[in-house]
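Input: a single structure, listed below in structure tokens.
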Protein chains: 2
Amino acid sequence: MYKIKEVADMVGISVRTLHHYDEIGLLKPDSTTEAGYRLYSEKDLEKLQQILFFKELDFDLKTIKEILSNPNFDKRRALELHKQLLIKKRDRLNKIIECVEDTIESIERGIKMSKDNMFEAFDMSEIEKYKQKYAEETKQKYGHTDAYKESMAKTSKYTNKDWENIIQRQSEIYREIAELMDRTPDDEDVQRAVEKWRQHITDNFYYCTIDIFRGLGELYVIDDRFKNNINKIQEGLAEFLSEAIRVYCDRAEE
Amino acid sequence: MYKIKEVADMVGISVRTLHHYDEIGLLKPDSTTEAGYRLYSEKDLEKLQQILFFKELDFDLKTIKEILSNPNFDKRRALELHKQLLIKKRDRLNKIIECVEDTIESIERGIKMSKDNMFEAFDMSEIEKYKQKYAEETKQKYGHTDAYKESMAKTSKYTNKDWENIIQRQSEIYREIAELMDRTPDDEDVQRAVEKWRQHITDNFYYCTIDIFRGLGELYVIDDRFKNNINKIQEGLAEFLSEAIRVYCDRAEE
DNA sequence: CATAAACTATTACGTTACGTTAGAATCAAT
DNA sequence: ATTGATTCTAACGTAACGTAATAGTTTATG
């Protein structure tokens, strides 16, 4: 058992930081003395290491908490993803180093750099994308389903452009359905749009069976992450879409 | 000339960020339209690139502003220091990657890692040290003086403990002088304390000639960085000390 | 064994670098 | 002429601690 400053010194963070982590429930000490002194165990140290890994990847504390508190959390898998992300970060740094070198050269030669070259290296979008996927993978409640895994396998092969196109197409369909929200979920046009949506999933993620599709439809209202995201397009769209998918699946199964 | 969103998109930052930089005076647009729209020039873009470089090294905006607004700012030199620091950061990342690998292995083999190995890689102190030196080097108005360079050469050799002792002794002397502030600057005891101060500089930084000492005394009230720092000990100490040094130097030169 | 030095706790306000509305004006394109 | 995108200012929100104040606890030392 370690006292708070021992931990702080060992790890290289401040006592206040540990207080803070306790406050927000990210890392509660194993126990306390009679006087209320915090006592940290070996386990706590391991968790703290995990936290530092996540912090290194610029995850916010709330997300770290969610990830670590997930009962399905797979430490081994997480570490491998950490490694990948860290490598990406390192590569980004290498790019920036190159950019600095280029800039030095451009000054010496008196040439101007193109704007692309000036700022390209700072781009974080790819890293952010992987972080998102990472957070999703580790957070998912349904991370064990085959459909999800197939999805992961497919999506990981996409390039930036592919991905943009998919997202683009996706919001097109969402918007199309949103436009039809004054109709009823069983309306012909609505159902045609739902069919498009299913096809989109099959084309880009995994073969979307009726069963999966039904589950997905439910997920859109049960899971706040999906729900909120969809309702960004149009308030109430998640509910509407979910209902329309239910109708679609009912009909398909006749 | 670019409008704000053009810049934001080109660089990959938000419009709000540019607003913010304008607010705090870090990056003011070259000009504005009649309607008050911000217009950014090529020069502004170059400066923005510099800002991003500094941000990549986790300098805070205030420090970046100070550095960039220094008329002696040497872009070329700065870029080289950037490069060095970035390389250090990359190496740190590499260490962390190794640490992740080790952790994976330790899990597989069921062995425990030593605490040192668990947390060593996260250490930022060396990078921070270099950052400090960097900030000092680029900020100094008197960075060209020999006294300053000698100081740099000496200080860079100190270990943490040495450094603490020096700082300790320094504030002792400051405090001693602060205690004497009810006397006049030419008071015997005050002058003795000033002598101690000069000796301290000679012992630890560089041979402090009367000329240098006189300049230093002026610096304490002219340069806000020194002034504010000294006045933290006691309001008005900077002015008092400065005057006492003037008296000291006048007497010494007779 | 007392007593100072070092640690710890809680509470609470401060800070940095923006994010996020909100409301109004301006511009670009149909 | 209107609509959608962009811009402005102003102002409050927030994340992850830092910092300061006050008070109780433990440990080292004369």
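Residue numbering restarts at 1 for every chain, and letters A, B, ... go by the order of the sequence lines.
Counted within 6.0 Å of NZ on B:Lys75, heavy atoms from surrounding residues, nucleotides or ligands total more than 12; the atom is thus considered enclosed.
Remark: A:Phe240 engages no residue in a ring pair (Phe, Tyr, Trp, His ring centres under 6.0 Å) (not counting sequence neighbours). Partners of A:Phe59 under the ring pair (Phe, Tyr, Trp, His ring centres under 6.0 Å) rule, at least two apart in sequence or in another chain, are A:Phe54, A:Tyr134.
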Could you list the donor-acceptor pairs under 3.5 angstrom formed by side chains in residues 94-101 of chain B, with sequence neighbours left out?
| unit_1 | atom_1 | unit_2 | atom_2 | d |
| --- | --- | --- | --- | --- |
| B:Asn94 | OD1 | A:Arg90 | NH1 | 2.7 |
| B:Glu101 | OE2 | A:Lys83 | NZ | 3.0 |

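Between B:Ile64 atom CD1 and C:dC18 atom C1' the separation is 13 Å, expressed in whole Å. Atom OH of B:Tyr2 and atom C1' of D:dT6 are 19 Å apart (whole Å). With rounding to whole Å, A:Lys55 atom NZ is found 15 Å from D:dA15 atom P. C:dA6 atom P lies 14 Å from atom CG of A:Asp9, rounded to whole Å. Atom CD1 in A:Ile4 sits roughly 20 Å away from atom P in D:dG24 (whole-Å rounding). Summarising the geometry, the separation between CD1 on A:Ile51 and P on D:dA16 is reported as 12 Å, rounded to the nearest angstrom.
B:Pro29 has its side chain out of reach of B:Leu39: every pair of non-hydrogen atoms, C-beta onward, lies at least 4.5 Å apart. The closest side-chain heavy-atom distance from B:Thr33 to B:Arg38 is not below 4.5 Å. Taking 4.5 Å as the limit, some side-chain heavy atom of A:Glu42 sits within range of a side-chain heavy atom of A:Tyr2. Side-chain contact between B:Ile13 and A:Phe122 is absent, with no heavy atoms from C-beta onward closer than 4.5 Å.
When distances run from any side-chain atom of B:Asp60 to the nucleotides C:dT8, D:dC17, C:dA17, the shortest one goes to C:dA17.
Ring geometry for B:Trp197 against B:His200 counts as parallel: the plane angle stays under 30°, on a 0 to 90° scale with 60° as the upper cut.
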Pick out the pairs of N or O atoms, protein on one side and nucleotides 26-30 of chain C on the other, that lie under 3.5 Å.
| unit_1 | atom_1 | unit_2 | atom_2 | d |
| --- | --- | --- | --- | --- |
| C:dT26 | O4' | B:Tyr37 | OH | 3.2 |

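In terms of phosphate contacts, B:Lys65 brings no side-chain nitrogen or oxygen within less than 4.0 Å of OP1 or OP2 of C:dT16.
Listed by residue number, B:Arg38 are the residues of residues 38-47 of chain B with a heavy-atom contact under 4.0 Å to DNA chain D. Contact check of residues 10-26 of chain A against DNA chain C (heavy atom, cut-off under 4.0 Å) returns A:Arg16, A:His19.
Mapping A:Gly36 and B:Leu61 onto DNA chain C via the closest heavy atom, the residue that lands nearer the 5' end is A:Gly36.
Ion pair A:Lys196/A:Glu176 flagged as a salt bridge, since at least one NZ, NE, NH1 or NH2 atom sits closer than 4.0 Å to an Asp/Glu carboxylate oxygen. Using a 4.0 Å cut-off between charged side-chain N and carboxylate O, B:Glu23 and B:Arg16 make a salt bridge.
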